[in-house]
Amino acid sequence: CDWSSDVCSSDLILHHRQYRYDGSVNLNFLAQSSMLDRYYVHEPIAGKTSRLVDEEAHHLLHVMRARVGHEVTLFDGSGVEWHAKVMRLGRSEVELELLARHEVDRELPIDVTLAVALPKGDRQRWLVEKAVELGVRCLTPLVTEHGVAQPVEKALVRLRRTVIEASKQCGRNQLMEISEPAILRDCLRSPAAADTLKILADPRGRVALRTLLDDCGGAPAGRLTFA
């Protein structure tokens, strides 16, 4: 499959950003929340209050210079987002009151896994950002013989932080998984890859990705694995 030719990423982005309402979503809230800054909470959000720490607190305190009463959107990766208001500002943490809980599904109707050898430098961050924006469910770093950037633990930590930042920007409430590194053979033979459509991106390929999916009747139900 020729990954690069005749593939319009904007079509996928538009599909990814369509909302699927369950009847309980307040449409006025959605219009308002789209204008609020989003912050990731590392612990599951529960109860009537939550707090931001580390990088998230630093950004709200020292970059945004928030004051008591400042309103934001919180998410914890569970698929839900909260409308929240700053209650207390500390030196390195922010306590917030939870005003409303909303289930807003911005995920693709299929599970897409991307298995890829990591590029070097800024292209690595760009790859993860675009995978998040396009709705990829899981990214598997491939260990290759001639790879220019090996998926060591330090790199994986950095990539997972990029997932959070990209999710904050594009509005996803579930975090794309960065799985443990694998070689291509093991990746394709894993139980998770069983009974899935597998597509190998090859610059020498003669079939465009869009053509392949159109021949399948559109994006297939279930799971999709790219390598």
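These figures come from a predicted structure and were not determined experimentally.
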For side chain to side chain contact (heavy atoms under 4.5 Å, CB included), just list the numbers for Leu142 and Val116, CA-CA rounded to whole Å, side-chain angles, deciding distance to a tenth of an Å, and then say yes or no. CA-CA 5 Å; Leu142 291 179; Val116 60; 5.5 Å; no
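- The main-chain N or O of Met87 is never found under 3.5 Å from a side-chain atom of Glu97 such that the two would form a donor-acceptor pair.
- Taking the side chain as every heavy atom from C-beta outward, Asp37 and Thr73 never approach each other to under 4.5 Å.
- Here Arg137 pairs with Glu107, Asp111 under the salt bridge (charged side-chain N to carboxylate O under 4.0 Å, His left out) rule; sequence neighbours left out.
- The heavy-atom pair separating Gln124 from Ala149 by the smallest distance is NE2-CB, 3.7 Å.
- There is no path of hydrophobic side-chain contacts, each under 4.5 Å, that joins Val128 to Val143.
- Using a 4.5 Å heavy-atom cutoff, the side chains of Leu118 and Leu159 are in contact.
- Looking only at side-chain heavy atoms (C-beta outward), Val80 and Phe75 stay at 4.5 Å or farther from each other.
- When all heavy atoms are compared, the tightest approach of Arg172 to Val136 is NH1-O, 3.0 Å.
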Start with the C-alpha gap between Arg67 and Val86, add the side-chain angles, then the distance that decides, and say whether side chain to side chain contact (heavy atoms under 4.5 Å, CB included) holds. CA-CA 7 Å; Arg67 297 290 182 264; Val86 173; over 6 Å; no
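- Arg106 has no carboxylate O lying under 4.0 Å from a charged side-chain N of Glu133, or vice versa, which leaves the two without a salt bridge.
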Does the side chain to side chain contact (heavy atoms under 4.5 Å, CB included) test come out yes or no for Leu98 and Thr49, once each step is laid out? CA-CA 5 Å; Leu98 302 178; Thr49 64; 5.5 Å; no
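- Across Ile45, Leu175, Asn173, a single residue satisfies side chain to side chain contact (heavy atoms under 4.5 Å, CB included) together with Asp76, and that is Ile45.
- At least one side-chain heavy atom of Tyr39 sits under 4.5 Å from a side-chain heavy atom of Met64.
- Contact check on Arg51 versus Glu93 returns a salt bridge, with a Lys/Arg side-chain nitrogen under 4.0 Å from an Asp/Glu carboxylate oxygen.
- With rounding to the nearest 0.5 Å, the separation of CD in Glu145 from CD1 in Ile183 is 11.5 Å.
- Residues Leu139 and Met176 meet the side-chain proximity criterion, which asks for heavy atoms closer than 4.5 Å.
- Using cut-offs of 30° and 60° for the angle between ring planes, the His58 and His62 rings count as tilted.
- A distance of 13.0 Å separates SG of Cys187 from CD of Glu180, quoted to the nearest 0.5 Å.
- The heavy-atom pair separating Pro151 from Pro181 by the smallest distance is O-CG, 3.5 Å.
- Under the rule for a salt bridge (charged side-chain N to carboxylate O under 4.0 Å, His left out), the partners of Glu165 that lie at least two apart in sequence or sit in another chain are Arg161, Lys168.
- In this structure the side chain of Thr140 never reaches within 4.5 angstrom of the side chain of Leu114, judged on heavy atoms.
- Residue-environment remark: CD (Glu43) stays at or below the threshold of 12 foreign heavy atoms within 6.0 Å.
- The heavy-atom pair separating Arg91 from Leu61 by the smallest distance is O-CD1, 3.7 Å.
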Test log, rule side chain to side chain contact (heavy atoms under 4.5 Å, CB included), inputs Val53 and Ser92: CA-CA 6 Å; Val53 297; Ser92 59; over 6 Å; no
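- Nearest heavy atom pair, residue Ala166 against residue Glu129, reads CB-CA, 4.0 Å.
- No donor-acceptor distance shorter than 3.5 angstrom exists from the side chain of Glu81 to the backbone of His102, with no hydrogens or angles considered.
- Partner Glu95 forms a salt bridge (Lys or Arg N to Asp or Glu O under 4.0 Å) with one of Lys85, Lys48, Arg88 and no other, that one being Arg88.
- Closest heavy-atom contact between Leu52 and Leu60: CD1-CD2, 3.8 Å.
- Residues Arg125 and Arg158 fail the side-chain proximity criterion, which asks for heavy atoms closer than 4.5 Å.
- Between Ile164 and Thr162, every side-chain heavy-atom pair lies at or beyond the 4.5 Å cut-off.
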